[in-house]
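Just so you know, these numbers come straight off a predicted model, no measurement behind them. Counting from 1, the numbers follow the sequence of the chain as shown. Order of appearance sets the numbers: ligands from 1, and atoms from 1 within every ligand. Only this structure's heavy atoms are used, side chains among them; waters, hydrogens and symmetry mates stay out.
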Amino acid sequence: MFSRSTQFLQRLTIINSPRNLSFKQLNHIKPTINRNLAWFSGQSRKETFGGKLRRRLKNFFIVTIVGLGTFYGYRSYRRYRWFNEMSDSDKTIGAKPRVIVLGTGWGAVPLLKHIDTQKYEVVCVSPRNYFLMTPLLPSVSVGTVETRTVIESIRSLIGPRVKFVEAHCVNVDPEAKIITCSSDGEQTVSRGDDVKAILVPSRRTDGASSRIIKDSARVRPEFHMKYDILVVAIGSENNTFNTPGVEEHAHFLKELLDARRIRSAISDAFESAMTPTQTLAERKRLLHFVIVGGGPTGVEFAAELADLVREDLQIYFPHLVASDVKITLIEALDHILSMMDKKISDYTERHFHRENIEVLMNTFVKEVKQREVIIQLKDSDELKSLPCSVVVWATGIKARPLTNKLREIIGLNIQSNRMGLLTDPYLRVKGVDDGSIFALGDCATIQMPKLIDRIHSLFEEVDTEHRGALDVQQFRTLVEKKITEFPQVFK
Ligand SMILES: Cc1cc2nc3c(=O)[nH]c(=O)nc-3n(C[C@H](O)[C@H](O)[C@H](O)COP(=O)(O)OP(=O)(O)OC[C@H]3O[C@@H](n4cnc5c(N)ncnc54)[C@H](O)[C@@H]3O)c2cc1C
């Protein structure tokens with residue numbers, strides 16, 4: 001008796017007879033046909049283990065290929081769309097309103113992380129392609145914290161849903177709603193903080209195995225970009241109060257490269273002081289560190305430096321630390337940390353005294369030179385020289401040129417605050433009628449309604465019995481009602 005499959009094979013032989021396929025040949029392929037028939041008729045349980053494994057591997061392979069193909073295809077399509085949109089950026093705006101965010105600092109990043117990209121096309125423009133954890137900069141400058149732990153790539157933070165372009169915004173046209181961006185006059189690339197290092201001409205000093213080169217191949221042209229909404233979060237820059245020599249000879253502590261430069265300057269000072277032929281006066285100058293500015297940044301740096309000297313350098317340079325190292329903090333007011341509670345500044349001053357940090361209060365820096373700082377005491381005409389090798393300038397911040405430019409474009413009669421862009425409580429820049437420009441962070445100042453202008457009407461609002469006085473309950477009601485409108489007073 002023939003089995004069903006053999007009958008089937010016989011039938012196939014008849015069909016295939018014109019091609020001279022013998023019954024013996026067909027018998028040879030019988031297992032394959034059987035397996036396929038079983039698969040079609042749902043009898044796959046008869047499949048051998050090896051066959052099953054092969055089939056599964058084949059299926060897995062097909063799924064993987066199709067999956068990868070779809071993934072890379074979609075990615076290429078997105079890139080294609082990205083570049084298309086960006087090359088048209090000065091002319092057209094797509095289906096979604098375009099939001100341009102300037103900056104990758106504390107103000108911009110939370111917004112970029114939470115903005116709804118289903119509703120908006122979001123583009124971030126900044127000369128810095130990473131987020132910087134500024135409170136840890138003093139620790140980086142003395143080497144307690146490693147550089148890579150205080151930065152996070154902006155692309156990994158915001159993901160591919162937000163477009164990022166590394167460039168400086170140099171102009172804003174609020175009428176046409178266009179920003180102009182450049183990278184340092186098409187000279188070379190700008191990475192915000194390390195542009196000075198890149199601009200140094202190529203040189204190889206004697207004996208150096210490494211050199212700084214000027215790589216002119218990486219040039220980026222100027223471009224324009226249209227926006228529907230612009231968010232300005234460009235921060236601030238160091239305020240030198242036009243003190244001569246600060247730009248040339250003092251270190252700032254604002255960007256990552258500043259911290260790295262300070263770190264290498266400290267190390268350099270100690271190594272130079274170790275040279276056997278160094279005179280005592282020169283050794284003392286080399287190991288004198290001057291910090292200008294008794295605000296949080298200056299105080300934190302002074303404390304970190306004192307810790308470094310006491311805990312680490314003491315081990316390697318015991319003689320120098322005992323006799324020659326000196327840290328001086330200069331403050332123009334009569335207290336350090338003057339914006340904080342008096343108890344905090346008193347405590348810090350006492351602590352610094354114990355740590356051998358000399359604090360010069362009521363003292364102004366008149367000039368910073370390569371080997372000294374010229375100071376003047378309040379109410380005195382006398383100038384004094386402090387020989388030193390490392391000066392850290394931390395006297396506060398001022399508005400960036402772009403912030404001032406935007407203030408001028410809007411009108412200085414409306415934008416009257418020199419510290420930054422005046423905004424309403426919703427962060428809309430004052431004087432931009434269509435509300436298309438927002439500002440936040442160090443470059444902005446919220447103009448809150450003045451309580452004094454409204455005090456009379458507020459009083460009457462809760463004085464329901466017209467007694468001309470408020471009881472405790474009425475006063476509490478007033479505070480609860482107005483706390484969001486006047487947070488600066490009631491909180
Ligand atoms: C050493 C140090 C310690 C600090 N510690 C504290 C602290 O403990 N607590 C605290 O509250 N604050 C602290 N601050 C202050 C805090 O860092 C700032 O208030 C905060 O960084 C302000 O955020 P921002 O987004 O406005 O500006 P930033 O964080 O400075 O970011 C500005 C961004 O704008 C970009 N940008 C600049 N120019 C342009 C341009 N033309 N076009 C486009 N993008 C531009 C910059 O590259 C940067 O990405 C500290 C600051 C320093 C320097």
Purely on distance, is any nitrogen or oxygen of His168 under 3.5 Å from one on ligand 1?
no

Hey, is Glu355 close enough to Arg350 for a salt bridge, meaning N to O under 4.0 Å?
no

Residue pairs, two or more places apart or on separate chains, that pass side chain to side chain donor-acceptor pair (under 3.5 Å) and touch residues 389-398
Trp393-Thr395

Of the side chain and backbone of Asp442, name the one, both, or neither that has a heavy atom under 4.0 Å from an atom of ligand 1.
both

Numbered atoms and elements of ligand 1 in range of Leu253, under 4.0 angstrom, heavy atoms:
1 (C), 53 (C)

Show me the donor-acceptor pairs, under 3.5 Å and distance only, between side chains in residues 433-440 and residues at least two apart or in other chains.
{"unit_1": "Asp434", "atom_1": "OD1", "unit_2": "Ser436", "atom_2": "N", "d": "3.2"}
{"unit_1": "Asp434", "atom_1": "OD1", "unit_2": "Ser436", "atom_2": "OG", "d": "2.9"}
{"unit_1": "Asp434", "atom_1": "OD2", "unit_2": "Lys177", "atom_2": "NZ", "d": "3.3"}
{"unit_1": "Asp434", "atom_1": "OD2", "unit_2": "Ser436", "atom_2": "OG", "d": "3.4"}

Which option, Thr134, Ile234, Val125, owns the non-hydrogen atom nearest atom 50 (C) of ligand 1?
Thr134

Using distance alone, determine whether Gly107 and ligand 1 share an N or O pair under 3.5 Å.
yes

Return yes or no for this condition: an N or O of Thr297 is under 3.5 Å from an N or O of ligand 1.
no

Please determine if Cys169 has a nitrogen or oxygen closer than 3.5 Å to a nitrogen or oxygen of ligand 1.
yes

Between Phe270 and Phe289, how do the two ring planes meet: parallel, tilted or perpendicular, split at 30° and 60°?
parallel

Find all atoms of ligand 1 within a distance of less than 4.0 Å from any non-hydrogen atom belonging to Ala233, and give their numbers and elements.
32 (C), 33 (C), 34 (O)

Side chain to side chain donor-acceptor pair (under 3.5 Å) for His168 and Ser182? Distances and angles first, verdict last.
CA-CA 5 Å; His168 269 108; Ser182 87; 5.8 Å; no

Looking at NZ of Lys163 and CD1 of Ile100, how far apart are the two atoms once the value is rounded to the nearest 0.5 Å?
10.0 Å

Part of Pro135 with heavy atoms under 4.0 Å of ligand 1, whether side chain, backbone, both or neither:
both

I need the minimum non-hydrogen distance between Ala273 and Leu320, along with the two atoms involved.
CB-CD1, 4.0 Å

The one among Thr104, Asp258, Val170, Leu102 that brings a heavy atom closest to atom 49 (O) of ligand 1
Thr104

Element-labelled atoms of ligand 1 that are located less than 4.0 Å from some non-hydrogen atom of Gly441
26 (O)

Classify the ring geometry between Tyr77 and Tyr74 as parallel (under 30°), tilted (30 to 60°) or perpendicular (over 60°).
tilted

With only distance considered, is Glu300 within less than 3.5 Å of ligand 1 through an N or O on each side?
no

